[in-house]
Amino acid sequence: MAKTAFQLPKGTRDILPEEQPYWAHLNAVIREITDVYQYARLDVPVFEETALFQRGVGEATDIVEKEMYTFTDKGQNSITLRPEFTAGVIRSYIQNGMSSLPTPVKVWSTGPVFRYERPQSGRFRQFHQFNAEAIGDKDPVLDFEIMDMAFRLYQRLGFQKLSFQLNSIGCPECRPVYLGRLVDYYRGHTAQLCEDCKKRLDKNPLRLLDCKQDMCQPVIAGAPPIVQHLCDECNRHFKALCLYLDSLNRPYTLNHRLVRGLDYYTKTVFEVWAEGIGSQNAVCGGGRYDGLIELLGGQPTPSVGFAAGLERIVMMMQQQQIPVPGLPGPVIYFACQHQEAQKQALIYLSGLRDSGIAGLVGLGGRSFKAQFREANRRQARYVVTLGDTELGSSSVLIKHMETGDQETIQGDQLIRYITEHGR
RNA sequence: GUGGGUAUAGCUCAGCUUGGUUAGAGCGCCAGGUUGUGGCCCUGGAGGUCACGGGUUCGAGUCCCGUUACUCACCCCA
């Protein structure tokens, strides 16, 4: 029989104990932020019927065209692992009649999402997102709030070198008019375009603007900015959002090339870019999607939201050396001479654990020296030595590892001793 | 899907150019350095089909070919 060591699937990763403090801190900050902004947690399934994502994310997107984990289950249903949160959240909003809740409905989610891509630095096939949506109103105050929540998240984590990129891509009223002008402009420059852009011209002209090929840059530079072609409503909306951002001194960069990859966006789109975590620098993306809920079978309902990539945030935390609370070591470690001592240690430990005090017992066959070494490496605050001497007098010899002081006390005074001398 | 890079101990890597007896280091792990005690230091031990499969050669971790995996990047995104 061949010895095959199992390897984790491509694009997945283990989050090892040593990395967990970053995640614990990040999740604590997320909870704090969502609480402050009054967003309620909503958990949706990791998989949904395939058609939800096909329609909700958009047939023409890379996600739907080539990145979905889709399979047929035993009931012959086409199932897809969620490639993002929004479609599932909106499905839940409609299915659970949340339109009858006070408007707007503000919910957040977190968990793994899945995209079949070639992994690289900062990109995985299974990764985690923090997602928030404000559903039910078109007020630009909500656009601001969503961006502000992202801003505060990163600020609270202590990040430097972030930039907020902002654009408006209009609505079904004004975007077609703009796209007409954009296409007209591009028709005059087809000779200077890359192959992809020649296709985009017919298929998805908005994407012409975020092409990164060198040869296309001069053409993009001369293209008409969409923000100058917004309808009155979109223009007022965008101006109001900028006003709020300016008033609160939230830094942002207007980027008329930012168009985003998902089909459902209207008006506001934004991303947050980081430095120093590889070439995949988007740590957060979001915007408004006023047409999505109707598209998925609900009443016409405006909505705005964002998603942040947690792996990329953790990478930034490590790269920028953001301090995070570590895992606490045991308060007490019992170094035992023999099995009889171990038995007594288990009795003491049970009482300590009842009081919420963390402790460990040294395992058999090891010398006191070895047990002290382990206690030290595990950063135990106290070590109790249990041998014949202590067992004979119902006492314990307790040592404070930091100072090196040790004294003998009665066993039934352990909890009191620890309480008085600190954990 | 398309490119580049890398594969030797649990981890980080030497060794390859100039093939040659039992394949190394640091860290980590385990155990010791007499009488029941950590951190520093010293000693010892466990742990490797040198990614896999072919080829050249008297002889391959080392040279050649192929495969696979990992990784970075492109497209696109978190």
Side-chain angles (χ1 to χ4, degrees), chain A residues 2-13 16 18 57 60-67 82-86 110 112-131 150 194-197 199-200 204 207 210-214 258-262 271-274 277-286 306-316 333-338 341 362-363 365-391 397-406 408:
Chain A
K3 239 193 323 190
T4 48
F6 289 108
Q7 274 194 312
L8 45 63
K10 185 193 291 287
T12 63
R13 58 192 296 274
L16 299 175
E18 65 200 41
V57 177
T61 60
D62 278 6
I63 289 178
V64 171
E65 280 184 356
K66 54 182 188 182
E67 295 177 2
R82 63 185 176 202
E84 54 126 47
F85 273 98
T86 301
T110 191
V113 296
F114 305 85
R115 294 182 196 174
Y116 189 87
E117 295 186 89
R118 290 288 289 268
Q120 65 188 71
S121 181
R123 168 186 293 162
F124 309 97
R125 291 184 173 180
Q126 173 177 335
F127 61 102
H128 296 76
Q129 286 189 335
F130 161 49
N131 184 269
C194 70
E195 290 306 310
D196 283 341
C197 278
K199 293 176 196 160
R200 291 185 179 114
N204 195 349
R207 300 232 65 130
D210 71 352
C211 181
K212 287 156 194 121
Q213 295 289 320
D214 287 343
L258 183 70
V259 297
R260 305 277 302 151
L262 309 181
E271 286 185 1
V272 183
W273 294 350
I277 58 168
S279 72
Q280 306 306 314
N281 65 345
V283 292
C284 173
F306 82 97
L310 267 39
E311 278 77 3
R312 290 180 187 179
I313 292 178
V314 168
M315 287 173 77
M316 274 203 297
Y333 180 103
F334 288 88
C336 304
Q337 191 169 32
H338 39 45
L363 301 184
R366 298 189 187 184
S367 63
F368 278 117
K369 186 190 192 83
Q371 294 182 70
F372 267 80
R373 192 153 31 215
E374 186 196 354
N376 184 60
R377 285 193 35 265
R378 293 192 189 280
Q379 300 189 325
R381 188 172 170 84
Y382 302 100
V383 173
V384 161
T385 302
L386 276 184
D388 291 325
T389 315
E390 290 74 23
L391 294 182
L397 178 60
I398 186 165
K399 179 170 184 174
H400 190 277
M401 293 295 276
E402 206 168 305
T403 63
D405 300 336
Q406 68 180 355
T408 300

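Computed from a predicted structure; not experimentally measured. Throughout, a chain's letter reflects where its sequence line sits, starting with A, and its residues are numbered from 1.
Of all non-hydrogen atoms in A/G362 and A/Y333, the two that sit nearest each other are CA-OH, 3.2 Å. Heavy-atom minimum distance, A/R312 versus A/G122: NE-O, 2.7 Å. Across every non-hydrogen atom of A/Q371 and A/A335, the tightest pair is OE1-CA, 3.2 Å. Scanning both residues, A/S121 and A/I277, for their nearest heavy atoms gives OG-O, 3.8 Å. Shortest non-hydrogen contact noted between A/G387 and A/Q337 is CA-OE1, 3.2 Å.
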Its contact letters, B for base, S for sugar-phosphate only and - for none at protein heavy atoms under 4.0 Å, make nucleotides 71-78 of chain B read -SBBBBBB

Protein heavy-atom contacts under 4.0 Å, written 5' to 3' over nucleotides 7-12 of chain B as B (base), S (sugar-phosphate only) or - (none), form the string ------

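Just one residue in the list A/Q126, A/E311, A/R125 forms a side-chain contact (heavy atoms from CB on, under 4.5 Å) with A/R13, and that residue is A/E311.
For A/M401, the side-chain contact (heavy atoms from CB on, under 4.5 Å) partners two or more places apart in sequence, or in a different chain, are A/F372, A/N376, A/V383, A/K399. A/R377 is linked by a salt bridge (Lys or Arg N to Asp or Glu O under 4.0 Å) to nothing, counting only residues two or more places apart in sequence or in another chain. Residues passing the side-chain contact (heavy atoms from CB on, under 4.5 Å) test with A/K66, sequence neighbours excluded: A/D62. The ring-ring contact (aromatic ring centres under 6.0 Å, His included) test applied to A/F130 returns A/W108, A/F306, not counting sequence neighbours. Remark: A/R260 pairs with A/E271 by the salt bridge (Lys or Arg N to Asp or Glu O under 4.0 Å) rule, at least two apart or across chains. For A/R366, the salt bridge (Lys or Arg N to Asp or Glu O under 4.0 Å) partners two or more places apart in sequence, or in a different chain, are A/E374. In this structure A/H338 satisfies the ring-ring contact (aromatic ring centres under 6.0 Å, His included) test with no other residue, sequence neighbours excluded. Applying the salt bridge (Lys or Arg N to Asp or Glu O under 4.0 Å) rule to A/D210 yields the partners A/R207; only residues at least two apart in sequence or on another chain are considered.
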Identify each atom pair where a protein N or O and an N or O of nucleotides 37-44 of chain B are less than 3.5 Å apart, giving names and distance.
unit_1: B/U37; atom_1: O2; unit_2: A/K399; atom_2: NZ; d: 3.1
unit_1: B/U37; atom_1: N3; unit_2: A/Q406; atom_2: OE1; d: 2.9
unit_1: B/U37; atom_1: N3; unit_2: A/Q406; atom_2: NE2; d: 3.2
unit_1: B/U37; atom_1: O4; unit_2: A/Q406; atom_2: OE1; d: 3.4
unit_1: B/U37; atom_1: O4; unit_2: A/Q406; atom_2: NE2; d: 3.2
unit_1: B/G38; atom_1: OP1; unit_2: A/K369; atom_2: NZ; d: 3.3
unit_1: B/G38; atom_1: O2'; unit_2: A/N376; atom_2: ND2; d: 3.1
unit_1: B/G38; atom_1: N7; unit_2: A/K399; atom_2: NZ; d: 3.2
unit_1: B/G38; atom_1: O6; unit_2: A/M401; atom_2: O; d: 3.4
unit_1: B/G38; atom_1: N1; unit_2: A/M401; atom_2: O; d: 2.4
unit_1: B/G38; atom_1: N2; unit_2: A/N376; atom_2: OD1; d: 3.0
unit_1: B/G38; atom_1: N2; unit_2: A/M401; atom_2: O; d: 3.0
unit_1: B/G38; atom_1: N3; unit_2: A/N376; atom_2: OD1; d: 3.1
unit_1: B/G39; atom_1: O4'; unit_2: A/N376; atom_2: ND2; d: 3.0

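For RNA chain B, each stem of at least three Watson-Crick or G-U pairs (distances under 3.5 Å) is given as range with range: B:1-7 with B:68-74, B:10-13 with B:24-27, B:29-33 with B:41-45, B:51-55 with B:63-67.
Spacing of P atoms, B/U6 relative to B/A51, comes out at 14 Å, to the nearest Å. B/C64 and B/G19 are spaced 13 Å apart, taking the C1' atom of each and rounding to whole Å. Separation of the C1' atoms belonging to B/A60 and B/G53 is 15 Å when rounded to the nearest angstrom. B/U67 and B/A7 are spaced 13 Å apart, taking the C1' atom of each and rounding to whole Å. Going from the P atom of B/U8 to that of B/G3 covers 25 Å, rounded to whole Å. Remark: the separation of the C1' atoms in B/A23 and B/G33 is 30 Å, to the nearest Å. Comparing the C1' positions of B/C63 and B/G45 gives an interatomic distance of 37 Å, to the nearest angstrom. Here, B/A25 and B/C50 have their C1' atoms 16 Å apart, quoted to the whole Å.
Taking atom CZ of residue A/R366 and atom C1' of nucleotide B/A31, one finds them 11 Å apart after rounding to whole Å.
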